[in-house]
Participant: 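First, the structure itself, so that you have it in front of you.
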Amino acid sequence: MTQRASFNHRVAADPDFRRNIGGVLIKAEKNKHKLKGFSPDEKFPQSKFSPYENLTYEWNPNGSGIMWHRYSFPVFLLSAENTTVLEEAVAKNEKYNKSYSQDVAEFDLVMQTTKSATHDSESCLKAGTCLPLGGYSVWSSLPPIIESSSDTTKPIILATASMDSASFFRDKSLGADSPLSGLVALLAAVDALSHSDYLKSFTKQLVFLALTGEAWGFLGSRRFLHELELQSDAVAGLNITLIETVLEIGSVGKGFNGGVKSFFIHSSREAKVANKTFDALQRAQVSLKSDDIKISAANTLNPGVPPSSLMSFLNKNPQISGAVLEDFDAMFANEYYHSHLDVISNINTTSIVAAASLIARSLYILATDMISDISILDDIHVNATLVEELLDCLLKCNPGLSCGLVKDYILPTGTCPSSYVGVIVTDPSSPPYRGYSSDISRFIWNFLGEKTATKMENTSLTCQQGCSNQSVCIRAETDQKGVCVRSTTRYVPAFSTRLQFKSGSWKLLPPNSSDRMSIADPVWTESNWDVIRLRVFTLQNAAYDRLILFGGVGITGFSYLAIEIIKAIMTKTLKRD
């Protein structure tokens with residue numbers, strides 16, 4: 001166990017030790033291999049939402065569970081620069097060997113949930129001192145769905161991936177392997193399919209779904225299914241009874257092993273036709289004519305599917321045909337699951353390209369019911385350069401969200417990407433304003449809107465001139481004009497099914513006794529912040545440190561807007577006076 005995990009376990013187990021802690025500053029790890037196997041999540045992440053009974057299985061053997069403990073003090077992860085400053089201060093204090101420290105850290109931060117004594121989600125929502133975790137998922141169809149035609153009766157092949165991650169540190173949730181590698185593979189597969197000339201031969205409807213909120217009780221997938229049941233405008237054109245197959249793309253960035261790109265298909269024990277998806281993937285593998293790509297069925301000794309969005313579908317309908325494509329068999333290959341160390345160096349680009357190729361071709365097979373001739377698949381090629389560009393945009397600060405690909409579609413609010421889900425600010429039934437949806441969500445909406453679009457008679461039609469009911473406006477942020485494309489691409493709000501937005505505020509609903517996932521849902525919220533300061537300064541006569549506690553059941557650590565203020569303050573004031 002790492003020193004970090006040992007410290008956190010002692011905090012949880014020793015009240016006397018805990019009472020003497022004013023705050024924690026964690027140094028930047030210069031060599032992450034010293035933390036080999038560090039995962040702050042549980043050994044079975046989100047086990048309480050599992051559709052099967054074996055909840056002690058260790059999918060994540062490196063998991064310590066420390067990110068789910070309650071802490072009565074703030075914890076900050078320092079940058080490499082600020083780590084050096086702190087180390088110099090500590091060395092100076094030790095050198096002078098006085099009865100007090102000359103350099104100390106001051107914390108002065110107030111969470112509204114603490115200030116107002118609203119320490120759980122129900123009370124803080126009622127008092128208006130917090131907001132629910134959530135964001136906006138995105139779905140799109142290929143080809144576009146014409147609601148007035150027979151397209152709405154076609155069986156649906158649903159391909160899903162997640163866009164959000166989590167970590168002990170709120171804004172350090174890149175999730176390179178888990179789950180961004182799967183998202184990038186799906187986007188690259190959509191791009192490959194968009195160039196195919198054979199879409200007219202589809203006998204089934206392809207639908208792509210990029211989910212957010214999955215790291216927090218599968219908020220996105222549960223809300224998507226709920227919206228389908230309500231038949232809301234957000235899912236108009238879709239019918240839950242028509243979903244024939246669900247193919248989820250999980251972690252695929254670490255499939256490269258010994259020169260072979262190896263992937264595993266996990267499926268429910270109850271699914272009757274999940275092997276049809278496995279057969280499609282195997283045929284896609286054969287069509288690639290490559291000996292270094294291997295697809296295998298997961299070990300039958302596994303208790304069921306790994307932690308994934310498919311769990312939401314299986315809890316809703318245990319008989320649904322579903323499969324998850326992963327880079328592991330019996331346990332996570334990702335040693336840094338839900339850790340701030342799950343960064344771009346933790347994944348392999350060629351593994352993602354191979355996965356995208358399998359996905360694109362297998363989806364084509366499923367959508368056409370192709371039985372014999374697979375030579376037609378030779379025209380479906382994944383753009384490896386696009387994969388590299390997506391990784392640079394979504395997993396780096398340089399170029400990060402300022403990359404050309406992202407700025408072709410949106411005006412990002414920042415440069416460094418974060419896969420943290422964020423909070424739902426206002427009425428989720430309305431299309432999100434730019435400031436209320438994440439950069440990644442808006443980018444994916446525009447990207448899918450373009451890639452799944454069919455040709456229009458007037459391709460120069462700008463959004464200012466008005467788009468028809470069957471088209472959407474993409475690139476509106478970049479030039480304030482945008483362009484209309486014929487595409488079925490929509491946002492779906494992602495937040496707890498136990499929440500209702502009514503009369504301008506959030507109301508907590510009682511758990512649905514017939515819904516196992518609703519009963520398990522703690523309804524995560526995030527506090528509003530009041531005052532935020534963190535600095536290191538020199539004292540001449542006395543040691544001084546001051547903190548205001550934060551925490552609460554179902555409440556996360558740092559607010560959506562406050563974290564940017566903290567980063568700015570730390571950059572400017574975390575220094576010796």
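The chain is numbered in sequence order, starting from 1.
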Participant: Would you confirm whether the ring centroid of Tyr420 sits within less than 6.0 angstrom of the ring centroid of Phe169?
Facilitator: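 No - the distance between ring centres of Phe169 and Tyr420 does not fall below the 6.0 Å cut-off.
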Participant: So, do Pro428 and Phe495 sit near enough that their side-chain heavy atoms are less than 4.5 Å apart?
Facilitator: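 Yes - at least one pair of side-chain heavy atoms lies under 4.5 Å apart.
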Participant: Take atom NZ of Lys407 as the centre, draw a 6.0 Å sphere, and report whether it contains more than 12 heavy atoms from other residues, nucleotides or ligands.
Facilitator: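 Not buried by this count: 12 neighbours or fewer within 6.0 Å.
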Participant: Between Asp342 and Ser339, do the side chains contain an N or O donor and an N or O acceptor separated by less than 3.5 Å?
Facilitator: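 Short answer, no.
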Participant: Do the side-chain N and O atoms of Ser39 and Asn60 include a donor-acceptor pair separated by under 3.5 angstrom?
Facilitator: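 Side chains of Ser39 and Asn60: pair found under 3.5 Å.
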Participant: Check whether the side chains of Asn383 and Asp191 place a donor and an acceptor atom closer than 3.5 Å, and report yes or no.
Facilitator: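 On atom types as modelled, these side chains do not qualify, holding no pair under 3.5 Å.
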Participant: Hey, what's the ring geometry for His266 with Phe328, parallel, tilted or perpendicular (30° and 60° as the breaks)?
Facilitator: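 It falls in the tilted class, 30° to 60°.
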Participant: Can you confirm whether the side chains of Lys254 and Asn346 place a donor and an acceptor under 3.5 Å from each other?
Facilitator: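 Yes - a donor-acceptor pair under 3.5 Å links their side chains.
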Participant: Measure from NZ or CZ of Arg442 to the centre of the six-membered ring of Tyr409 and say whether it is under 6.0 Å with the direction within 45° of the ring axis.
Facilitator: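 No, a cation-pi geometry is absent between Arg442 and Tyr409.
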Participant: Would you check if Arg475 and Glu450 make a side-chain contact, meaning some heavy-atom pair closer than 4.5 Å?
Facilitator: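 In short, these two side chains touch, coming nearer than 4.5 Å.
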Participant: Using ring centroids (six-membered ring only for Trp), state whether Tyr57 and Trp59 fall under 6.0 Å.
Facilitator: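 Close enough - the centres of the two rings lie under 6.0 Å apart.
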Participant: Without hydrogens or angle criteria, can the side chains of Ser140 and Thr452 be said to hold a donor-acceptor pair below 3.5 Å?
Facilitator: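 Ser140 vs Thr452: donor-acceptor pair found between side chains.
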Participant: State, yes or no, whether a side-chain contact exists between Ile295 and Phe264 at a heavy-atom distance under 4.5 Å.
Facilitator: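 Ile295 does not reach Phe264 side chain to side chain.
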Participant: Within the 3.5 Å criterion, strictly below it, is a donor on Arg222 or Ser312 matched to an acceptor on the partner's side chain?
Facilitator: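 Distance-only check fails for Arg222 and Ser312.
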Participant: Would you please test Asp177 and Tyr337 for side-chain hydrogen bond (donor to acceptor under 3.5 Å, both in side chains) and show each step?
Facilitator: CA-CA 8 Å; Asp177 186 44; Tyr337 182 81; over 6 Å; no
Participant: Contact between Lys261 and Ile293 at the side-chain level, heavy atoms closer than 4.5 Å - yes or no?
Facilitator: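 They are in contact (side-chain heavy atoms under 4.5 Å apart), so the answer is yes.
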Participant: Quick check: do Asp521 and Phe218 have side-chain heavy atoms less than 4.5 Å from each other?
Facilitator: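 No, every pair of side-chain atoms sits at 4.5 Å or beyond.
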